[in-house]
Amino acid sequence: MDTDLAESAAVPETNDEKLQKVLARAGLGSRREMEREIEAGHVKVNDRIAKLGDRVTPDDKIFVNGQRVLQSTGVARRRVILYNKPEGEICSRSDPEGRRTVYDGLPALHGERWISVGRLDFNTSGLLLFTNDGELANKLMHPSSVIDREYLVRIQGQVDDEMKRNLLDGVLLDDGVARFTDIVDGAGEGRNRWFYCVVMEGRNREVRRLWESQGVKVSRLKRVRYANIFIPSHVRVGQWMELTEREISDLCMTAGFENEKHTRVMVPSREEKSQLQRHEKRLRSATNVRRPAVPKRKSDDAKPAGSKPAGNKPATAGKPGAAKTANGKPTNGKPTNSKPGSARPSSGRTNPKPKL
């Protein structure tokens, strides 16, 4: 027995990791995107074509499409930006048809790449998050994180209570059962009405397909919230804004994502702070443009907490202790993300009203 203990103690600890995890951390894309690259045979490790399940160490040489990938050895500052996507942009890095992509207007990164947290359809607008941390992007997108996404949708067609119950109970789509966890009336009457609806997954065209399963048509669709992040009133369509360290920490806590050794929430350098302040000033100086009215929730009888930003602080994230639930009670410091079966996740919101 003593010999067995001595032998087990002498076994060195391995520092190998999954190949797709290393590639995602290097900023080449999300973990799922890297898995597709591996399956397509575009990745080599030490001059041999890699396969899913391979693990690598810092000593291994990795190539993607013939280009050497340098494994990060230091700790980088974790960054997350919010982009207010307009209609008519695709969520790909390039397009054979020459259409504009969501990456065209993002700030440049040196030695890293922005990774999209999910996607929005070509004709869908609104909130889209990007990060330089592939692991964080994977965690935010993974169904196990149970993160709610809220949309403002305009419906053409008659919507009754039975239809809402069907959508809340669950509808069988081509890729399985899907449902809304919350539906709140917005504005409008008759056959053109606005609704706020919440889903817990990021399936392709899920919101549109759910409504279409009930025989109605979606004429406008905009994402207004992702987890505890809203679009600030001063970030117009086509503009981006970087989240603060506090907002990133709240987002990580909502997703159950802990700090890892390769990226951490850090205070920006003096030069980075100066650049962010200049960008923030440009955003706010351009907010005096008249905008169309936004449909108001019929359940919003009182002015929501957090709708009036203080000073120069962006009103993006529901801060712990400040957000309120549907019954008006504070969340006691917990993130505003809701789990299945909890109280209505969105009817007690909002931070700044979404702009169309």
Side-chain angles (χ1 to χ4, degrees), residues 30-33 35-36 82-92 102 115-130 137-157 159-160 162-186 193-231 251 254-255 295 336-342 344-347 349-350 354 356:
S30 68
R31 196 186 297 186
R32 291 180 182 177
E33 291 174 332
E35 288 174 353
R36 289 195 289 268
L82 175 155
Y83 179 59
N84 192 352
K85 176 191 177 296
E87 295 179 1
E89 288 186 353
I90 63 171
C91 292
S92 299
V102 293
I115 302 168
S116 173
V117 180
R119 295 178 174 229
L120 291 177
D121 296 336
F122 183 74
N123 292 322
T124 301
S125 63
L127 192 155
L128 194 58
L129 296 179
F130 294 86
N138 182 71
K139 184 66 175 177
L140 289 170
M141 291 185 288
H142 201 278
S144 64
S145 297
V146 197
I147 291 178
D148 46 339
R149 299 119 163 114
E150 184 173 3
Y151 292 82
L152 175 63
V153 56
R154 186 173 69 187
I155 299 297
Q156 290 183 348
V159 178
D160 54 28
E162 182 180 358
M163 186 184 298
K164 293 181 187 177
R165 283 194 297 271
N166 291 338
L167 293 171
L168 291 170
D169 291 341
V171 175
L172 180 61
L173 302 178
D174 293 339
D175 53 355
V177 176
R179 61 176 54 85
F180 291 128
T181 60
D182 193 26
I183 303 174
V184 177
D185 287 7
R193 297 173 59 187
W194 291 90
F195 295 92
Y196 289 90
C197 50
V198 178
V199 293
M200 290 289 192
E201 299 175 290
R203 298 194 212 174
N204 184 37
R205 301 183 72 254
E206 182 177 10
V207 175
R208 294 181 186 272
R209 289 188 294 143
L210 275 168
W211 284 107
E212 289 169 359
S213 72
Q214 303 303 300
V216 295
K217 181 181 179 181
V218 174
S219 60
R220 293 287 298 278
L221 183 61
K222 177 176 182 176
R223 183 192 283 166
V224 297
R225 176 168 65 88
Y226 196 102
N228 57 325
I229 305 297
F230 297 85
I231 303 176
L251 182 63
T254 299
T336 57
N337 179 44
S338 301
K339 304 295 181 183
S342 64
R344 300 168 73 86
S346 60
S347 57
R349 63 141 19 231
T350 59
L356 295 176

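Residue numbers start at 1 and run along the sequence shown.
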Visitor: Checking S145 side chain against K139 main chain: does a donor-acceptor pair fall under 3.5 Å?
Guide: yes
Visitor: Can you confirm whether Y151 sits close enough to V224 that some side-chain heavy atom of one is under 4.5 Å from a side-chain heavy atom of the other?
Guide: no
Visitor: Is the Y83 ring parallel, tilted or perpendicular to the F130 ring (thresholds 30°, 60°)?
Guide: perpendicular
Visitor: What do you reckon, is CG of D175 surrounded by more than 12 foreign heavy atoms closer than 6.0 Å?
Guide: yes
Visitor: Hey, what do you get for CD1 (I147) to NE2 (H142), rounding to the nearest 0.5 Å?
Guide: 11.5 Å
Visitor: Answer yes or no: is there a side-chain heavy-atom contact under 4.5 Å between V102 and S116?
Guide: no
Visitor: side-chain contact (heavy atoms from CB on, under 4.5 Å) for R225 and D148? Distances and angles first, verdict last.
Guide: CA-CA 8 Å; R225 176 168 65 88; D148 46 339; 2.9 Å; yes
Visitor: For the residue pair R193 and V216, establish whether any side-chain heavy-atom pair is separated by less than 4.5 Å.
Guide: no
Visitor: Would you say the side-chain atoms of R119 pair up with the backbone N or O of G202, donor to acceptor, closer than 3.5 Å?
Guide: no
Visitor: Quick one, E212 and R205 - any side-chain contact, counting heavy atoms below 4.5 Å?
Guide: yes
Visitor: Does M141 form a side-chain contact (heavy atoms from CB on, under 4.5 Å) with R31? I'd like the steps, not just the answer.
Guide: CA-CA 10 Å; M141 291 185 288; R31 196 186 297 186; over 6 Å; no
Visitor: Would you say L128 and V117 make side-chain contact, with heavy atoms under 4.5 Å?
Guide: no
Visitor: Donor-acceptor pair, distance only, cut-off 3.5 Å: does the side chain of Y226 make one with the backbone of L140?
Guide: yes
Visitor: To the nearest 0.5 Å, what is the distance between CG on L167 and CD on E162?
Guide: 11.0 Å
Visitor: Can you find a heavy atom in the side chain of V207 that is under 4.5 Å from one in the side chain of R223?
Guide: no
Visitor: Where is the tightest heavy-atom contact between C197 and V153, given as atom of each residue plus distance?
Guide: SG-CG1, 3.8 Å
Visitor: Does the side chain of N123 come within less than 4.5 Å of L221's, by heavy atoms?
Guide: no
Visitor: Tell me if a side-chain donor or acceptor on R209 pairs with a main-chain N or O of W211 at a distance below 3.5 Å.
Guide: no
Visitor: Is there side-chain contact between T181 and L168, with at least one heavy-atom pair below 4.5 Å?
Guide: no
Visitor: Give a yes or no on whether a salt bridge exists between D185 and K164, defined as a side-chain N under 4.0 angstrom from a carboxylate O.
Guide: yes
Visitor: Any idea which heavy atoms bring D160 and M163 closest together, and the distance?
Guide: OD1-N, 2.8 Å
